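A short worksheet on the structure shown next.
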Amino acid sequence: MAKFLTNREENYSQWYNDLVIKADMAENSAVRGCMVIKPYGYAIWEKIQAELDKMFKATGHVNAYFPLFIPKSFFSREAAHVEGFAKECAVVTHYRLKNSPDGKGIVVDPEAKLEEELIVRPTSETIIWNTYKDWIHSYRDLPLLINQWANVVRWEMRTRLFLRTTEFLWQEGHTAHATREEAQEEALKMLNVYADFVENFMAVPVTKGVKTESEKFAGAIDTYTIEMLMQDGKALQGGTSHFLGQNFAKAFDVQFTNREGKLDYVWATSWGVTTRLIGALIMAHGDNNGLVLPPKLAPIQVVIIPIYKGNEQLDTISSIALDLKAQMEEAGLTVKYDNRDTQKPGFKFAEYELKGVPVRLAIGPRDAQEGTVEVARRDTLTKETIRKEEVVQHVKALMNDIQQNIFRKAAEFRKMKTYKADTWEEFIDIIENRGGFVMAHWDGTPETEEEIKNLTKATIRAIPFDTQDEEGTCILTGKPSHRRVMFARAY
RNA sequence: CGGGGUAUAGCGCAGUCCGGUUAGCGCAUCUGGUUUGGGACCAGAGGGUCGCAGGUUCGAAUCCUGCUACCCCGACCA
């Protein structure tokens with residue numbers, strides 16, 4: 001686990017603040033819990049966006065944009081939804097300020113009170129379904145497959161850097177279908193898109209499953225989830241996809257004429273992932289030297305650092321470096337040549353390790369003379385000397401190696417940290433002392449789930465898709481159970 | 001909202017118990033020089049109304065009162 005994220009005793013703050021991701025909380029109390037994402041961190045988000053967006057398009061989705069503000073009354077249309085979100089809404093009550101009558105500063109103009117308060121969206125189901133009402137009349141208008149890239153606000157009681165910020169960036173897909181089957185299929189399809197993305201691009205293994213009644217999205221029939229395991233043994237919910245049934249269609253009266261000429265309510269899904277994925281990346285792969293980014297998402301894949309004395313040497317080395325850079329770019333790699341004269345090589349080495357750049361090339365006078373390059377990989381921190389002519393091929397291969405290696409490391413870690421518990425004592429021991437995922441029997445009742453949570457802080461992260469039916473007895477109550485579910489302490 | 005903690009330079013801290021020169025240290029910044037194959041070194045410089053408001057005192061970063069903010073733990077959650 002990255003020291004600079006978890007160990008505040010260590011003096012990593014200089015780096016932590018100045019450099020990498022600086023998702024630091026804004027200091028002004030009025031924007032408490034909101035994050036500033038510095039350029040490098042945002043570049044990672046842009047990579048995530050770009051790859052996901054391609055996958056959405058490839059599955060037939062298009063992007064659109066809906067309003068930030070949602071009339072308060074929209075929320076109360078769907079009972080479970082309002083129940084779930086009411087406690088964490090930012091509310092706009094006025095639309096104007098004026099000079100304070102006492103001459104000191106500026107105050108909210110009481111004259112400018114809104115007739116109906118506006119909610120800053122915590123999620124957009126309501127405003128979108130209010131719009132879909134006008135867009136959908138016939139089976140010919142379906143399916144409607146729309147995604148939105150946006151920011152949302154949830155006034156959580158407690159925020160956590162990256163993982164739970166007051167404002168966060170995300171994408172939310174909202175689809176409408178003619179049949180139940182089609183909507184269910186869509187919800188699962190998008191869950192699989194997320195799982196593919198997280199495993200193949202982020203190099204983090206996921207467990208796919210369905211949420212329990214008490215953990216599911218407010219307003220959903222079923223919530224599907226991908227769960228990841230972080231290096232500190234805690235679970236992180238990486239993305240969710242909801243089968244919403246006809247709940248929102250009924251709440252917003254979205255009916256269509258089907259092929260038989262009869263009126264029916266539309267079937268819906270929604271699904272989203274957030275900037276939390278950046279946090280997942282850090283906590284799944286980071287080490288004591290900083291980030292370890294998977295090559296497929298690294299804003300800089302290769303950095304070249306010259307080692308030289310004087311301008312003459314620099315010129316020689318630069319021409320080699322720029323030539324290599326051009327070749328690698330030709331081969332599709334993102335390359336940075338850092339010829340800053342203001343920092344020494346050792347400083348740069350440390351800096352790019354902290355940034356998680358997968359491969360570093362160093363070229364010095366010795367290399368210039370011998371036609372070699374020093375190649376260092378971030379995941380293993382190993383170095384080797386390669387002939388200049390072989391560098392492009394070698395680095396290209398390294399991209400694959402590193403991508404696979406960090407996935408394998410994460411997968412091995414997860415395997416090691418996934419336990420079976422058959423007794424309450426075992427269960428407590430694992431949760432308290434070892435962390436990780438615990439596969440255990442549960443009697444299926446929300447009461448037992450709640451009790452286990454109160455006793456251990458562990459929750460049911462998912463009822464995984466890939467577990468076998470198995471007879472057993474509930475870890476807490478001893479009542480019969482037909483299947484194990486996955487418990488963990490979670491972020 | 002409950003429990004605990006903190007507030008001193010851009011960042012991280014010491015000093016506060018036991019009031020007393022001009023409030024220190026590390027990193028960062030700037031200047032000059034020497035350096036450059038793993039976070040350079042030497043010399044010098046700049047940067048503070050000690051969270052805010054009162055009070056006690058000849059004298060307050062230090063003691064007292066009130067306030068505010070932030071952090072950690074919990075309830076809540078992507």
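Quick note on labels: first sequence line is chain A, next is B, and so on, each numbered from 1. Below, all heavy atoms of this structure are taken into account, side chains as well, without hydrogens, waters or symmetry copies. Remember, it's a predicted structure, so these values are computed and weren't measured experimentally.
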Exercise. Taking atom C1' in both C11(B) and U16(B), what distance in whole Å separates the two?
Worked result: 22 Å
For this session: State the pairing partner of G59(B); accept Watson-Crick or G-U wobble contacts with both distances under 3.5 Å, and report none otherwise.
Result: none
Exercise. Contact class for Thr274(A) vs. all strands (heavy atom < 4.0 Å): base, sugar-phosphate, or nothing?
Worked result: base
For this session: Please measure how far the C1' atom in C63(B) lies from the corresponding atom in U22(B), and state the result in whole Å.
Result: 24 Å
For this session: Using whole Å, report how far CD of Gln343(A) lies from P of A28(B).
Result: 10 Å
Problem set entry | Counterpart base for A28(B), defined by Watson-Crick or G-U wobble contacts under 3.5 Å | none
For this session: Both distances under 3.5 Å, Watson-Crick or G-U wobble: report the partner of C1(B), or none.
Result: G74(B)
Exercise. C41(B) and G46(B): how far apart are their P atoms, nearest whole angstrom?
Worked result: 22 Å
Exercise. Hey, does Lys453(A) reach any base, or is it just sugar-phosphate, or nothing, if we go heavy atoms under 4.0 Å?
Worked result: sugar-phosphate
For this session: Assign Arg340(A) to base, sugar-phosphate, or nothing according to its heavy-atom contacts below 4.0 angstrom with the strands shown.
Result: nothing
Exercise. When you check the phosphate oxygens OP1 and OP2 of C41(B), does a side-chain N or O of Lys344(A) lie under 4.0 Å from one of them?
Worked result: no
For this session: Between A78(B), G37(B), G38(B), spot the one nearest the side chain of Phe168(A), thanks.
Result: A78(B)
Exercise. Separation of Tyr194(A) atom OH from A78(B) atom C1', in whole Å?
Worked result: 11 Å
Exercise. Does the pair Tyr194(A) and Tyr224(A) meet the rule for a ring pair (Phe, Tyr, Trp, His ring centres under 6.0 Å), with working shown?
Worked result: CA-CA 11 Å; Tyr194(A) 289 155; Tyr224(A) 305 117; over 10 Å; no
Problem set entry | Separation of the C1' atoms in A60(B) and G55(B), to the nearest angstrom | 11 Å
Seminar exercise, completed: Tyr224(A) atom OH is separated from A78(B) atom P, nearest whole Å, by 17 Å
For this session: Take Lys216(A) and Ile307(A), find for each the nucleotide of RNA chain B with the closest heavy atom, and name the residue whose nucleotide sits nearer the 5' end.
Result: Ile307(A)
For this session: Scan Glu374(A) against the nucleic acid and name what it touches under 4.0 Å (heavy atoms): base, sugar-phosphate only, or nothing.
Result: base
Problem set entry | Interatomic distance where CZ belongs to Phe85(A) and C1' belongs to C76(B) [whole Å] | 12 Å
Problem set entry | Gln237(A) side-chain proximity, nearest of C76(B), A78(B), U36(B) | A78(B)
Problem set entry | Arg360(A) side-chain proximity, nearest of G38(B), A78(B), A40(B) | G38(B)
Exercise. Hey, is Lys234(A) close enough to Asp232(A) for a salt bridge, meaning N to O under 4.0 Å?
Worked result: no
For this session: Scan every strand shown for a Watson-Crick or G-U wobble partner of G19(B), both distances under 3.5 Å, and answer none if you come up empty.
Result: none
Exercise. Say you pick atom P in G59(B) and the same atom in G19(B); how far apart are they, in whole Å?
Worked result: 15 Å
Exercise. Is there a donor in the side chain of Asp401(A) and an acceptor in the side chain of Asn405(A), or the other way round, less than 3.5 Å apart?
Worked result: no
Exercise. How about Ile226(A) and Phe197(A): do any of their side-chain heavy atoms sit closer than 4.5 Å?
Worked result: no
For this session: Can you tell me, in whole Å, how much space there is between the C1' of A78(B) and that of C17(B)?
Result: 46 Å
Exercise. For C52(B), which nucleotide in any strand shown is its Watson-Crick or wobble partner with both distances under 3.5 Å?
Worked result: G66(B)
For this session: Give Lys457(A) one of three labels, base, sugar-phosphate or nothing, depending on what nucleic acid heavy atoms sit under 4.0 Å from its own.
Result: sugar-phosphate
Problem set entry | Rounded distance (Å) that lies between atom P of G37(B) and atom CG of Leu314(A) | 14 Å
Exercise. Is the shortest distance from a Lys or Arg side-chain nitrogen in Glu199(A) or Lys208(A) to a carboxylate oxygen in the other one below 4.0 Å?
Worked result: no
Problem set entry | Check: Thr225(A)/Glu227(A) side-chain N/O donor and acceptor closer than 3.5 Å | yes
Exercise. If you look at every strand shown and take non-hydrogen atoms under 4.0 Å, does Gln313(A) touch a base, only sugar-phosphate, or nothing?
Worked result: nothing
Exercise. On a whole-Å scale, what distance lies between the C1' atoms belonging to U6(B) and U31(B)?
Worked result: 37 Å
Exercise. Contact class for Gly364(A) vs. all strands (heavy atom < 4.0 Å): base, sugar-phosphate, or nothing?
Worked result: base
Exercise. A78(B) P sits how many Å from Trp271(A) CH2, rounded?
Worked result: 18 Å
For this session: Using only heavy-atom distances, decide whether a donor-acceptor pair under 3.5 angstrom links the side-chain of Glu353(A) to the base of G38(B).
Result: yes
Problem set entry | Pairwise C1' distance, G12(B) and A7(B) [rounded to whole Å] | 14 Å
For this session: In whole angstrom, give the distance that lies between atom CZ of Arg489(A) and atom C1' of C73(B).
Result: 12 Å
For this session: Report yes if a donor N or O on one partner sits less than 3.5 Å from an acceptor N or O on the other, where the partners are the side chain of Lys383(A) and the base of G38(B); otherwise report no.
Result: yes
Seminar exercise, completed: Result for side-chain contact (heavy atoms from CB on, under 4.5 Å) between His285(A) and one of Val204(A), Leu293(A), Leu291(A) points to Val204(A)
Exercise. Charged N to carboxylate O under 4.0 angstrom, Lys348(A) versus Glu351(A)?
Worked result: no
For this session: Counting Watson-Crick and G-U wobble pairs only, both distances under 3.5 Å, name the nucleotide matched with U36(B), or none.
Result: none
For this session: Starting at atom CD of Glu156(A), determine the distance to atom P of C1(B), rounded to an integer number of angstrom.
Result: 17 Å
Problem set entry | Below 4.0 Å: OP1/OP2 of U36(B) and any side-chain N or O of Lys309(A) | yes
